[in-house]
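Scroll down for the structure; my scribbles are underneath it.
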Amino acid sequence: MEVSKVTKLGSSLHVPSVLELAKEKIDAAPSRYIRSDQVPVLSSANPAIVVPVIDLQLLFDGDLLETELNKLHQACKEWGFFQAATEEKKKFGQLEGDVEGYGQAFVVSEEQKLDWADMFYMVTLPTHLRKPHLLPQLPLSFRNAIEAYSMELKSLAMKTFKLMAKALKMNPEEMEMLFEEGMQSMRMNYYPPYPEPDQVIGLTPHSDGGALTILLQLNEAEGLQVKKDGIWVPVKPLPSAFVINIGDVLEIVTNGIYPSIEHRGVVNSVKERMSLATFLSPNLHGEFGPAPSLLSSETPPKYKRIGTADFLKGLFAQKLDGKFYLQTLRI
Ligand SMILES: O=C(O)CCC(=O)C(=O)O
Ligand SMILES: [Fe+2]
């Protein structure tokens, strides 16, 4: 199988960076972001007093913009400190036809509602699937941290898969075959604040497409909500705790015994929020379906078998919509 073809998991329409939108002094987000049926009533009050953000890259590049230099000058005079942003992230923007990089995922039509967030998505394992222009090009200390984190999370995931196989009385080799050479990807989510948080959604309700997700909430801002018995339950960020959730692949592999869970991200009125989700999926070159050791004449398969690459391409080809995608694989 040709790696370059397989590893382009799909694309997402280009939409503006939400961070950039949020930095503009706009009264209301473009209508593509407004989720309420009501006509939005937006407060004209300043949503937040924010420490100025200075684009140092523009200045370093000698692309000396009078206004940017003036912003630096004002920030130094009025605040005494500022946040140094560089346009570094532009180097990591999504390339045509690929969902990896800095941008958005799951945008498939100009009409659909958009999420009030930016994300950076990349495949981290197996190493030969890493896009040469992404992880290997990150600033060294960040890259080292991601690489170490990736290895630790692989080991945590494998231990978790094995425990689950034991609990399910499933043949542990079936888990190992699926995930030992599995694909690992990471999605960093950045949710800028929005003055009327109920009007927008940070991340549309969805279940995760992988088998297992290990989520790190990077700051204290609340935002993750899990749907339990029809209501949204907030997950309080705990210092040094991961949130682990079942994804669609594991629902299929366990033949529905472990359901994937619908969740969403909401935004805060004044605080930004950041999270890092690590997704564990089966070997990209293999296929999966309900584990044979869990099937019998009394418990026939509830889901079809499917190739992992086809499954992921199908996932990225649609907008997020609760557990809709999984339903398409039911027998
Ligand atoms: O930001 C969060 O807490 C949720 C992230 C998430 O659900 C995802 O990236 O799939
Ligand atoms: Fe998720």
Side-chain angles (χ1 to χ4, degrees), residues 9-10 12 15 18-19 22 33 35 94 99-108 113-124 134 146 149-150 153 157 160 183-194 197 200-228 232-252 258-269 271-281 311-312 314-326:
L9 293 173
S12 186
V15 296
V18 176
L19 173 58
Y33 294 93
R35 301 303 184 98
Q94 287 167 335
V99 73
E100 286 188 68
Y102 183 77
Q104 306 283 333
F106 306 109
V107 182
V108 295
K113 290 292 181 185
L114 300 176
D115 290 341
W116 191 253
D118 290 332
M119 62 118 212
F120 182 99
Y121 178 73
M122 65 184 168
V123 173
T124 44
L134 295 175
I146 293 280
Y149 186 73
S150 161
L153 260 61
T160 311
M183 188 177 102
Q184 182 194 67
S185 58
M186 291 188 191
R187 177 179 160 135
M188 298 169 206
N189 299 298
Y190 176 76
Y191 307 93
Y194 188 73
V200 298
I201 290 185
L203 185 53
T204 298
H206 65 284
S207 56
D208 291 335
L212 202 66
T213 304
I214 304 178
L215 180 86
L216 189 58
Q217 305 196 72
L218 294 170
N219 59 349
E220 281 98 88
E222 249 182 59
L224 174 62
Q225 297 182 342
V226 169
K227 205 180 211 175
K228 184 91 182 79
W232 290 112
V233 179
V235 181
K236 262 209 180 324
L238 297 175
S240 67
F242 289 124
V243 178
I244 300 190
N245 68 273
I246 308 286
D248 294 343
V249 169
L250 214 51
E251 174 163 338
I252 293 174
Y258 288 173
S260 64
I261 178 110
E262 205 177 324
H263 53 283
R264 67 177 184 177
V266 299
V267 305
N268 290 273
S269 57
K271 273 193 281 183
E272 63 185 0
R273 179 166 181 270
M274 282 171 281
S275 67
L276 169 57
T278 303
F279 305 104
L280 294 309
S281 303
F311 173 82
L312 292 174
L315 175 76
F316 284 110
Q318 20 208 311
K319 65 175 183 171
L320 289 178
D321 184 11
K323 290 183 66 169
F324 173 77
Y325 182 52
L326 182 64

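Both counts, for ligands and for their atoms, begin at 1 and track the order of listing.
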Would you call the rings of Phe279 and Tyr121 parallel, tilted or perpendicular, taking 30° and 60° as the class edges?
tilted

Does the side chain of Thr204 come within less than 4.5 Å of Lys319's, by heavy atoms?
no

Can you name the side-chain contact (heavy atoms from CB on, under 4.5 Å) partners of Val266, sequence neighbours left out?
Gln225, Arg264

Using the ring pair (Phe, Tyr, Trp, His ring centres under 6.0 Å) criterion, which residues pair with Tyr190? Sequence neighbours excluded.
none

Lys271/Glu222 ion pair, N-O < 4.0 Å
no

Thinking salt bridges, do Arg35 and Asp115 make one under a 4.0 Å N-O criterion?
yes

Has the side chain of Ser281 got a donor or acceptor atom that lies under 3.5 Å from a matching backbone atom of Gly210?
no

Can you tell me if Glu220 has over 12 outside heavy atoms packed within less than 6.0 Å of its CD?
no

Taking the Fe ion (ligand 2) as the center, what protein N, O or S atoms are found at less than 2.8 Å?
His206 NE2, Asp208 OD1, His263 NE2

Any side-chain heavy atom of Leu216 within less than 4.5 Å of one from Met188?
no

Protein residues having a heavy atom less than 4.0 Å from any atom of ligand 1:
Arg187, Asn189, Tyr191, Leu203, His206, Asp208, Leu215, Leu224, His263, Arg273, Ser275, Ala277, Phe279

